[in-house]
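Right, one structure below, let's go through it.
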Amino acid sequence: MKVRFLGTAAGGGLPQWNCACAGCDAARRAGVGRTQDCLAVSGDGTAWHLVNASPDLRGQLVAAPELAPGPGLRDTPIRGVLCSTAELDHTLGLITLREATSLSIYATAPVRAALEGPFPAGPILSHYTKVEWHEVVPGAWMNLPDGLMVRGVTLGAKRPRYAAGLPGEDWVVAYRIVDPVTGGVLVYAPCLAQWSEDFLRLIEHAHVVVLDGTFLHDDEMTRETDTPGRPASSMGHLPIEDTLGKLPPGIRFIYTHLNNTNPLARPGADKLDGAEVAAEGQVLEL
Ligand code: MLT
Ligand code: MN
Ligand code: ZN
């Protein structure tokens, strides 16, 4: 299995266009930053699936040699998108894919309802391309056309603000992705609201776990902006300071979806002990 981190920032990216916090300011001055969270995975290195579709998707695709089109004029290695949430930082990029000849979208029933209703990405896309929906049933394995096997597991019921009125529980899922040829196991969990037995089972025997690194500290919004902010944990994101010490041994942990207030998102930030912070364009093979 091949993996590429297309983007590693939380909603807004780094720097965020309207933010003058220390992190955004430093990124702006250094001329480096992070684009919004998005991953690409492939079992055979020729057909790829995106996990989420960030608002920065076009730039992320153009910067990825693995995802270049060809050999035919309109051939693309991108087969579809697996949605882990319906949040705008994970779905606005769906619209960017409208030039595709066809597009598979994998989503739980509530996430699909959001993408067909209050944020009608599906109906809009269907005017431009052929959309094939695949329902992600939590716990059930799915076979991707490139040979990978994927299972979604519900991590939370936090809906996007724009979908506040919609029913359902399976709003936030993690994906466990297995390459049956190499035996490689990847877990992608960019939104982790609580540490649970279910989560520990989900990551059991994984080789790499890509984990929620939105915030380093629970009080980060207050600490880094000098204005009263909500605690990280109340926003559906356990802070790294709470998860780092609990990471089971034997697994490679890589934090992603870093908010612009997160000191670890900045260029030249200190290294973590026992885990990594994802880099833009980082590739893995497992
Ligand atoms: C989240 O990760 O909690 C959401 O993307 C928040 C947001 O961007 O509105
Ligand atoms: Mn987000
Ligand atoms: Zn900022």
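Counting starts at 1 for both ligands and their atoms, following the listed order.
The Mn ion (ligand 2) has no N, O or S atom of C191 under 2.8 Å away, backbone or side chain. Put simply, D37 stays out of reach of the Mn ion (ligand 2), with no N, O or S atom under 2.8 Å from it.
Looking at H90 against ligand 1, nothing comes within 4.0 Å, counting heavy atoms.
Which parts of ligand 1 touch K158 is read off a 4.0 Å heavy-atom cut-off, strictly below it: atoms 1 (C), 3 (O). Close contacts between ligand 1 and D89 involve ligand atoms 5 (O) [criterion: under 4.0 Å to a heavy atom]. The atoms of ligand 1 that sit less than 4.0 Å from any heavy atom of H257 are 2 (O).
The number of heavy atoms from other shown groups lying within 6.0 Å of CD (E99) is above 12.
Nearest heavy-atom pair across P118 and A113 is CD-O, 3.9 Å. The minimum heavy-atom distance between R176 and I203, with the atom names listed, is NH1-C, 3.8 Å.
Of all protein heavy atoms, the one closest to atom 6 (C) of ligand 1 is E87 OE1, 4.0 Å. Of all protein heavy atoms, the one lying nearest to atom 1 (C) of ligand 1 is H237 NE2, 3.2 Å.
The main-chain N or O of E116 is never found under 3.5 Å from a side-chain atom of R112 such that the two would form a donor-acceptor pair. Here the side chain of T129 pairs a donor or acceptor atom with the backbone of T101 at under 3.5 angstrom. For the pair T225 (side chain) and M221 (backbone), a donor-acceptor distance under 3.5 Å is present.
Rounded to the nearest 10 degrees, the angle SG (C24) to the Zn ion (ligand 3) to SG (C19) equals 120°.
H257 and H90 have tilted rings, their planes meeting at an angle from 30° to 60° on a 0 to 90° scale.
Nearest to the Mn ion (ligand 2), among the N, O or S atoms that D89 has, is OD2.
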